[in-house]
Amino acid sequence: MRLSKFFLPTLKDDPVDAVTSSHKLMIRAGMIKQLTAGVYSYLPFGLLVIRKVENIIREEMNAIGGNEFLLPALSPNELWAQTGRLEDYGELMFRIKNRELVLGPTHEEVFTSIAKPSLISYKDLPQVWYQIQTKFRNEDRPRAGVLRAREFTMKDAYSFDATWEQLDKSYNDMAVAYRNIFRRCGFSEIIIVSAFSGAMGGSDSEEFMIPSPAGEDNIAVSEDGKYASNIEVAESYKESVERKNSNLSIEKFHTPDIKSIDELADFIKTKDKSRLAKSRVYVNVTGNGNEYIMVLICGDDEVNEKKLEKHFGMNIRPAQNEELTEITGADAGSIGPAGLKNKKIRIIADNLLKDADELISGANENDYHIKNLDLKRDVPGIEYFDLRLAKEGEETADRKSRLKITKAVEVGHIYKLGTKYAKALGAMFLDAEGKENPVIMGSYGIGIQRTVASFIEESHDDKGIIWKGEISPFKVIILSLGDRSEEVRNLSEEYYRILTAEHKTETLYDDRKEVRPGVKFNDADLIGIPVQLIIGEKNLKEGNVEIKIRKSGERIISRKEDAVNKILEIVKETV
RNA sequence: CGGAGCGUAGCGUAGCCCGGUAUCGCGCCAGUUUUGGGAACUGGAGGCCGCAGGUUCGAAUCCUGCCGUUCCGACCA
């Protein structure tokens, strides 16, 4: 491609609205342009990279027997109502105003509706179906350019199996394909974590994470590398609160203006906050009225709301202040499980507090706390779950290593859906005994733009992007310096012809006239093509040209006759 | 959805407090000179000052409402 004909609107300065490196660089390198919040146009340079990623994915999906589809973005409300997701997705789903249609945030329903009349015998199974298609999610807050957008491209794949063993195989095939995909994309580190399957429903679930400060997820990885988990489901070892069996009776004491656990610890002059039971109240919004749940947790721990969702569903939210007063008779900071006036509240506690006594908690009266609370004695009907958020530096559950918490971008997600959608939509098949069963499904996604942006996050410097390997949009850029020299012009043209026509090497040729060398150098560094071939009068006088490696900055002066072979060699090494 | 900020030329901005018809830089166009790391000079084009209403002789500036957008928190590929 000749740069004189290529639409590449590069920017000298960072756009003021961009914060993360990938966002800044994608705009500066002329890859994307924002149309409105969370909605981007992909300009030719950006699209080239997106196509590279898509093609890698396509090859790996086909390699495990995947069938490529292209489903509609529009689908009828009715279909989503059948699985209950019209409600479950809520405001996250874009709805068409003048038709009973939605813009698909994902495609389980549509794929299942195709499977239903077609996959009717165990002989039709297994199948792997996928598409690369635009998804729409009405995100409350789009962020960081394409890392979190309202419109984005996703590769979504679905497996259909007759048995759970077969599902395991489909899932494992997909996991292998995903590893291949991200390796081929050139990531230096990809961490596979166990995850919560969220609004999709399902059991086994793993996420493919690229560690990055721009990431929105926190992942817990053990130092020995044997445990990796999204913080949402991460478990760790911490000693539980010991039962003392002292049977001391509850005493109320005055705690003026004490609102937080830290203040309380200072007030009673203790450093050990584990016996200061923190009480948080959640509302579970159900079809037949609100259910209130009080969660007790050690004072030095935080409630992991994802773990709550696992037990109580997606519609759980923290209670508001007015609700707290109504339920407990006190404001946040003074509430507790003992002597609640409102008996309708369900009380649960973290496993670490199982049967603990001599606890301190709020008295359900402002500015008062109680001590010697005994959960076994004073809170009948209390239930225990794992509810705490794992913390940096804690031991792993097996006590063999310690956890590190890292920010990461979720680029892919695989999970076993089971029969939820097949049952809801009636996708049944006949097994060898002639018995009818629901098809067993898996669901597998990759965010295309996220993959591109994550790559830039981990591969750039202060000059710009540094592409490498298969996703590099061009392998070589020719910088022709000094358009007044016919010799420079002719030789540049010749290199361009040889590289593209004879060696099929993807080459961008900066043939722009009246553009100063400095501009060409800086644009080349910004757009990050791995190898630069620089042709200028200075070196050409000696019969030489220059080859620069973008990543290392290394410059090689080469005889002009040897340059093509040298470049081909370097390209081969960097792919 | 809660909290904070910002909307002035393609991009980045000054002006806003204290009302008088918009500043500067980059970019763009023309010419001259330059030419290996974002050139210099000269001349030029480009603006519903986010939108609507109000106050006023007069509004980018003051008031009200709306819209857009960014960032920090609750959601997901």
Side-chain angles (χ1 to χ4, degrees), chain A residues 9-20 23 27-28 33-39 57 88-93 105-107 132-157 178 195-200 207-210 215-217 230 232 305-306 309 314-318 320-321 409-415 443-454 463 479-485 488 513-526 532 534-541 545-546 548 553 555:
Chain A
T10 56
L11 257 41
K12 191 149 69 169
D13 299 308
D14 281 339
V16 71
D17 280 343
V19 176
T20 56
H23 188 194
I27 292 170
R28 285 190 55 206
K33 181 162 172 57
Q34 179 173 308
L35 184 61
T36 182
V39 180
I57 291 172
D88 289 352
Y89 251 105
E91 288 303 306
L92 192 57
M93 188 138 69
T106 174
H107 279 79
I132 296 173
Q133 200 245 23
T134 307
K135 305 288 190 233
F136 299 87
R137 291 186 190 173
N138 188 18
E139 295 289 349
D140 290 329
R141 188 158 95 79
R143 254 197 86 239
V146 299
L147 275 181
R148 180 181 209 75
R150 293 206 170 114
E151 176 178 333
F152 60 97
T153 316
M154 179 157 93
K155 184 286 300 179
D156 49 322
Y178 271 44
F196 179 66
S197 42
M200 315 293 178
E207 291 166 335
F208 288 70
M209 294 286 193
I210 309 293
E216 293 183 86
D217 283 274
N230 195 305
E232 293 171 352
E305 295 184 357
K306 281 292 153 149
E309 281 181 19
M314 296 292 291
N315 293 320
I316 196 158
R317 61 163 174 85
Q320 284 148 11
N321 252 328
V409 178
E410 179 190 354
V411 290
H413 194 170
I414 59 176
Y415 47 96
S443 172
Y444 317 91
I446 293 178
I448 309 287
Q449 287 89 350
R450 267 191 186 178
T451 301
V452 173
S454 304
K463 304 288 271 178
L479 304 185
S480 177
L481 304 185
D483 32 64
R484 60 198 180 290
S485 159
V488 168
K513 305 261 191 302
E514 291 173 32
V515 172
R516 299 176 66 83
V519 175
K520 294 194 176 187
F521 287 132
N522 282 303
D523 272 348
D525 288 345
L526 173 62
Q532 300 176 5
I534 302 159
I535 299 130
E537 281 180 285
K538 202 174 79 184
N539 282 313
L540 206 49
K541 268 187 209 143
V545 295
E546 180 180 328
K548 182 184 151 186
R555 293 159 187 279

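Chain A is the first sequence line, chain B the second, and so forth, proteins listed ahead of strands; every chain is numbered from 1.
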Sugar-phosphate only, base, or nothing, as touched by [X] at under 4.0 Å among non-hydrogen atoms:
| X | answer |
| --- | --- |
| A/Val409 | nothing |
| A/Arg143 | sugar-phosphate |
| A/Ala144 | sugar-phosphate |
| A/Gln449 | nothing |

Residue [X], side-chain atoms from C-beta onward, closest of [options]:
| X | options | answer |
| --- | --- | --- |
| A/Glu410 | B/G12, B/A77, B/U69 | B/A77 |
| A/Arg137 | B/C75, B/U13, B/A77 | B/A77 |
| A/Arg141 | B/A74, B/U70, B/C76 | B/A74 |

Calculate, to the nearest 0.5 Å, the distance between atoms NE2 and CG belonging to A/His23 and A/Asp14 respectively.
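Spacing of NE2 (A/His23) from CG (A/Asp14) equals 10.5 Å.
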
Considering only heavy atoms from C-beta outward, does the side chain of [X] approach that of [Y] to under 4.5 Å?
| X | Y | value |
| --- | --- | --- |
| A/Ile446 | A/Tyr178 | yes |
| A/Gln34 | A/Val39 | no |
| A/Arg137 | A/Thr106 | yes |

If I take atom [atom1] in residue [X] and atom [atom2] in nucleotide [N], what distance separates them, rounded to the nearest angstrom?
| X | N | atom1 | atom2 | value |
| --- | --- | --- | --- | --- |
| A/Met93 | B/C75 | CE | P | 19 Å |
| A/Ile210 | B/A77 | CD1 | C1' | 13 Å |
| A/His23 | B/U69 | NE2 | P | 13 Å |

Walking RNA chain B from its 5' end, the first of A/Gly445 and A/Asp14 to be reached, judged by nearest nucleotide, is A/Asp14

B/S/- along nucleotides 32-42 of chain B (protein heavy atoms under 4.0 Å) is --BBBBBB---

A/Glu410/A/Arg450 under side-chain contact (heavy atoms from CB on, under 4.5 Å): CA gap, chis, key distance, verdict
CA-CA 8 Å; A/Glu410 179 190 354; A/Arg450 267 191 186 178; 3.9 Å; yes

Distance-minimising heavy-atom pair for A/Arg150 and A/Ala37:
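Scanning both residues completely, I find the closest heavy atoms to be NH1-O, 3.5 Å.
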
What distance, rounded to whole Å, do you find between the two C1' atoms, one in B/C51 and one in B/A60?
14 Å

B/C67 and B/C41: how far apart are their P atoms, nearest whole angstrom?
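Going atom to atom, P in each nucleotide, I get 47 Å.
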
For A/Gln449 and A/Thr153, test the side chains for any donor-to-acceptor distance below 3.5 angstrom and give the result as yes or no.
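A pair is found: one side chain offers a donor N or O, the other an acceptor, under 3.5 Å apart.
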
